[in-house]
Amino acid sequence: TGNRSVLESGHILILGWNEKIFSILDLFEDYHKPVTIVILANYPIPEMAAKLRSERAAARRIKPVLRSGSPTQLAQLERVAFRDAFSVIVLADESHTNPNEEPDLCTIKTLMLLATNVPAVPPRPKMVAELLRRENLEVAHIASRRSISLVCSSEVLSRMIVQASRQPGLSYVY
């Protein structure tokens with residue numbers, strides 16, 4: 001069931017939920033070996049499973065393990081074996097329980113937990129986090145102790161659009 005602790009190690013851990021999760025899962029589907037992906041979000045597990053079924057074709061190479069909970073709580077992160085993950089992806093979370101709280105704030109809270117609770121020496125998971133607003137990048141760098149890669153999704157998309165207008169073939173590559 002979705003209440004048990006994850007016993008995996010070497011897994012991909014996705015914290016949070018937004019529409020980009022389907023593209024990310026599709027990219028992992030293209031791996032040439034089976035991959036276990038653990039997803040922790042504030043949605044009920046049946047709702048997450050239904051969204052995955054409706055948005056994606058049948059998974060052949062990925063094994064999704066769904067857990068309901070908040071990525072901003074250490075107990076929930078421990079439940080999904082975050083220290084034993086191969087990599088951790090923190091999405092700008094649309095599933096958090098307070099709709100008035102900005103997704104970047106949840107990401108920054110999660111970054112603080114990860115930075116203070118993951119060992120500083122190898123083996124440590126490779127980590128990346130998504131922010132929506134550029135003005136939150138510096139705070140996120142400080143919260144993550146500059147140990148977690150950050151991507152500002154709106155900035156990346158804007159740059160891709162400008163580059164694609166200058167180099168029309170780039171949109172096909174992208």
Side-chain angles (χ1 to χ4, degrees), residues 1-25 27-28 34-52 62-154 156:
T1 71
N3 293 330
R4 293 183 309 170
S5 293
V6 171
L7 302 176
E8 303 287 336
S9 65
H11 56 290
I12 308 295
L13 176 59
I14 299 177
L15 301 173
W17 186 283
N18 65 32
E19 290 300 313
K20 293 177 190 82
I21 199 164
F22 306 113
S23 303
I24 291 168
L25 293 175
L27 289 170
F28 282 117
V35 179
T36 299
I37 299 179
V38 177
I39 301 170
L40 175 67
N42 269 321
Y43 288 124
I45 291 173
E47 189 175 326
M48 285 190 281
K51 286 182 181 187
L52 289 176
I62 65 167
K63 174 186 160 194
V65 177
L66 305 175
R67 293 293 182 265
S68 184
S70 174
T72 61
Q73 296 176 2
L74 183 58
Q76 299 298 320
L77 292 177
E78 288 174 343
R79 200 166 56 98
V80 292
F82 75 102
R83 289 182 189 97
D84 299 323
F86 175 76
S87 65
V88 178
I89 300 169
V90 183
L91 294 177
D93 195 3
E94 295 175 354
S95 74
H96 58 300
T97 54
N98 183 353
N100 297 323
E101 192 169 52
E102 196 174 316
D104 283 356
L105 183 57
C106 292
T107 299
I108 290 168
K109 289 177 182 178
T110 302
L111 291 175
M112 287 188 329
L113 283 174
L114 291 172
T116 56
N117 290 288
V118 170
V121 295
R124 69 178 263 136
K126 296 162 181 50
M127 296 182 278
V128 64
E130 174 195 21
L131 293 169
L132 297 179
R133 299 176 53 182
R134 184 177 186 4
E135 54 267 22
N136 295 328
L137 276 173
E138 187 56 33
V139 173
H141 275 297
I142 293 167
S144 69
R145 299 181 176 178
R146 302 196 185 280
S147 65
I148 299 171
S149 299
L150 302 174
V151 175
C152 183
S153 57
S154 61
V156 170

CA sep, side-chain torsions, deciding dist, call: Y43, M48, side chain to side chain contact (heavy atoms under 4.5 Å, CB included):
CA-CA 6 Å; Y43 288 124; M48 285 190 281; 3.6 Å; yes
Quick check: do C152 and L132 have side-chain heavy atoms less than 4.5 Å from each other?
no
May I ask you to test the L13-I89 pair for a side-chain heavy-atom distance under 4.5 Å?
no
Do S149 side-chain atoms and V128 backbone N/O form a donor-acceptor pair below 3.5 Å?
no
To the nearest 0.5 Å, what is the distance between CD1 (I62) and CD1 (I24)?
11.0 Å
Within the distance-only criterion (no hydrogens, no angle test), does the side chain of R79 pair as donor or acceptor with the backbone N or O of R67 below 3.5 angstrom?
no
Test log, rule side chain to side chain contact (heavy atoms under 4.5 Å, CB included), inputs I39 and L15:
CA-CA 6 Å; I39 301 170; L15 301 173; over 6 Å; no
Pairs flagged by salt bridge (Lys or Arg N to Asp or Glu O under 4.0 Å) wherever residues 8-24 is involved - sequence neighbours left out
E8-K63, K20-E130
Find out whether V88 and I148 are in side-chain contact, i.e. whether some heavy atom of one side chain is under 4.5 Å from a heavy atom of the other.
no
Just grab all the salt bridge (Lys or Arg N to Asp or Glu O under 4.0 Å) pairs involving residues 106-124, residues at least two apart or on different chains.
E101-K109
Considering only heavy atoms from C-beta outward, does the side chain of L114 approach that of M127 to under 4.5 Å?
yes
Do L40 and I14 come within less than 4.5 Å of each other through their side chains, counting heavy atoms only?
no
Test side chain to side chain contact (heavy atoms under 4.5 Å, CB included) on F22 and L52 and set out the steps.
CA-CA 7 Å; F22 306 113; L52 289 176; 3.9 Å; yes
May I ask you to check whether over 12 heavy atoms, not counting those of F86, lie within 6.0 Å of atom CZ?
no
Just verifying a value: how many Å separate E78 CD and D84 CG, rounded to the nearest 0.5 Å?
11.0 Å
Please list all pairs meeting salt bridge (Lys or Arg N to Asp or Glu O under 4.0 Å) that have one or both residues in residues 135-147, counting only residues at least two apart or in different chains.
R133-E135, E138-R146
If only atom types and distance count, is the side chain of T110 paired as donor or acceptor with the main-chain N or O of P71 below 3.5 Å?
yes
So do I12 and V38 actually touch side chain to side chain, heavy atoms under 4.5 Å?
no
Taking the side chain as every heavy atom from C-beta outward, state whether L74 and F82 have any atom pair closer than 4.5 Å.
yes
Is there a donor-acceptor contact under 3.5 Å from the side chain of N136 to the main chain of D104?
no
Might you work through the side chain to side chain contact (heavy atoms under 4.5 Å, CB included) test for I37 and H11, ending with a clear yes or no?
CA-CA 6 Å; I37 299 179; H11 56 290; over 6 Å; no
Between R83 (side chain only) and N117 (backbone N and O only), is there a donor and an acceptor less than 3.5 Å apart?
yes
